[in-house]
There are 2 protein chains.
Amino acid sequence: MSKKKGDKKAKSGKKKELEGLSATDLAPAITQAARSMRTALSRSLGESGLYAGQDGVILILAEEDGMTPGQLAIRLGVKAPTMTRTIGRMEAQGFLERRADGTDGRLTKVHLTEAGLQTVEQIGRSVSECGSIAAKGLSDKEIRTLLKLLKTIEQNLQSEHSDDRG
Amino acid sequence: MSKKKGDKKAKSGKKKELEGLSATDLAPAITQAARSMRTALSRSLGESGLYAGQDGVILILAEEDGMTPGQLAIRLGVKAPTMTRTIGRMEAQGFLERRADGTDGRLTKVHLTEAGLQTVEQIGRSVSECGSIAAKGLSDKEIRTLLKLLKTIEQNLQSEHSDDRG
DNA sequence: CGCGCGGAATTAAATTGTTTATTTAAAGTT
DNA sequence: AACTTTAAATAAACAATTTAATTCCGCGCG
């Protein structure tokens, strides 16, 4: 088991051979960083009675109330079934409520309740604070670079999945 | 519209105020990127009969067999109960097995089975390939920068949690 | 020698997340 | 108008994570 792996054959062929060099560490690195972030955020969010994953729903709804589960799922980058169940829990918790759309019977509109509205500020604070803690010691430029790189790899992974040729 | 911020006009004069500026987007960004990564890795890993989260266990065990659940948890950055459950599943799947430590009755040693050993190469390929896909279009330097930044924010979050003052 | 303390592993309970499959309603086709 | 297709939401099954509580075992102390 050698730590250095230079013998990986590139299946794409004409690309740079250096490509897969450090990329091997990318998946573990981002996984662990995200785990730490999720845990930290979860702790902070706990004060509001929320779980990590629920914060985004409230934040988006605070900006635009009455979105459908599908729209929320797309905005948050999760799958529809995930959103359905999360909404169900949050509804039971009293943070939001579902209402049927009058014109289209297939649609469900999600609305923030009074209790949900009251959490918005605290959530914003938690997310912001969590980001600040994580970014401690990093310059503004570095943060922007990180944000840009994260978006890039996300798009790369998404487009790979959608298999959008032509 | 007036919400637009992030101008480069303000230099490092009062970095304190600028600090939380882009950091607010950090948690959502890394969350989504990690989610995409996890999904992609999960698909690739599926060919080996594994789930995302199990790969690291096998990879570490391939390097050093007979580690305890607690050691594995620390190495992978997860909590002990997570490791217990993952090990349980993987044992049921036949990838590894638990053995009691002869000298210390509290310890459990985890060992790779033959089936587990056979997945090592494929896992390495999956992780590497997944990283390459994610890093498509990024220079080697950018990848290293990303890795460094990820490690930094992870350490920031960890040290925040350990709360070791005094 | 007994008894409590601490560490390691596990169990319990709660939630997010994914994939696959099912229901229901709108839209399109013949 | 009836049938088919599509789209949205949901249900079910699996897995990963976390925190809190429990069990088991070794070890020191009285």
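Chain letters run A, B, ... following the sequence lines, proteins first and then strands; every chain starts at 1. If you're wondering where the values come from, they're calculated on a predicted model, not measured in any experiment.
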* Expressed in angstrom and rounded to an integer, what is the separation of A:Glu91 atom CD from C:dT16 atom P? -> 14 Å

* Asked: Heavy atoms under 4.0 Å, any strand shown: does A:Thr68 hit a base, just sugar-phosphate, or nothing?
  -> sugar-phosphate

* Out of C:dT19, C:dT10, C:dT15, which nucleotide sits closest to the side chain of A:Arg89? -> C:dT15

* Structure fact -> A:Arg43 atom CZ is separated from D:dT17 atom P, nearest whole Å, by 15 Å

* Nearest heavy-atom neighbours spanning B:Ala134 and B:Met37 -> CB-CE, 3.8 Å

* Grab the two heavy atoms, one from A:Ala40 and one from B:Leu157, that are nearest each other, plus how far apart they are. => CB-CD2, 3.9 Å

* Asked: How is B:Pro81 classified with respect to the nucleic acid when contacts are heavy atoms under 4.0 Å: base, sugar-phosphate, or nothing?
  -> base

* **Whole angstrom value for the distance that separates P of D:dA15 from CD1 of B:Ile87** => 16 Å

* Which comes earlier along DNA chain D counting from the 5' end, the contact point of A:Gln71 or that of A:Thr39, where each point is its nearest nucleotide? -> A:Gln71

* Structure fact -> Rounded to whole Å, CG of A:Leu157 lies from P of C:dT18 at a distance of 13 Å

* Figure out the CD1/P separation between A:Ile58 and C:dT16, and round it to whole Å. => 11 Å

* Within a strict 4.5 Å, meaning less than it, do heavy atoms of the B:Lys109 and B:Arg98 side chains meet? -> no

* Asked: Is B:Tyr51 close to B:Gln93 at the side-chain level, that is, under 4.5 Å between some pair of heavy atoms?
  -> yes

* Enumerate the residues from residues 45-54 of chain A whose closest heavy atom to DNA chain C is under 4.0 Å, giving them by residue number; use none for an empty result. => A:Tyr51, A:Ala52, A:Gln54

* **Between P of D:dT18 and CG of A:Leu41, the distance in whole Å** => 14 Å

* Asked: Between B:Glu97 and B:Arg99, does at least one N-O distance fall below 4.0 Å, as a salt bridge requires?
  -> yes

* Asked: With side chains defined as the heavy atoms from C-beta onward, is the minimum distance between B:Met90 and B:Ile58 less than 4.5 Å?
  -> yes

* Interface with DNA chain C, restricted to residues 98-108 of chain B and to heavy atoms under 4.0 Å -> B:Arg98, B:Arg106, B:Leu107, B:Thr108

* N/O (side chain, B:Arg35) to phosphate O (OP1/OP2, C:dG17) under 4.0 Å -> yes

* To do: Quickly work out the A:Arg85 CZ to C:dT19 P distance and round it to whole Å.
  => 13 Å

* Asked: Is there a side-chain polar atom (N or O) of B:Thr82 under 4.0 Å from OP1 or OP2 of D:dT17?
  -> no

* Reckon B:Thr84 touches a base, only the sugar-phosphate, or nothing at all at heavy-atom distances under 4.0 Å? -> base

* Considering only heavy atoms from C-beta outward, does the side chain of B:Glu121 approach that of B:Arg125 to under 4.5 Å? -> yes

* Asked: Start at the 5' end of DNA chain C and walk down; is the nucleotide closest to A:Arg38 or to B:Lys109 reached first?
  -> B:Lys109

Might you list the N or O atoms of the protein lying below 3.5 Å from N or O atoms in nucleotides 3-5 of chain D, with each pair's distance?
none

* Asked: Which nucleotide, C:dT19, C:dT11, C:dT16, lies nearest any side-chain atom of A:Lys79?
  -> C:dT19

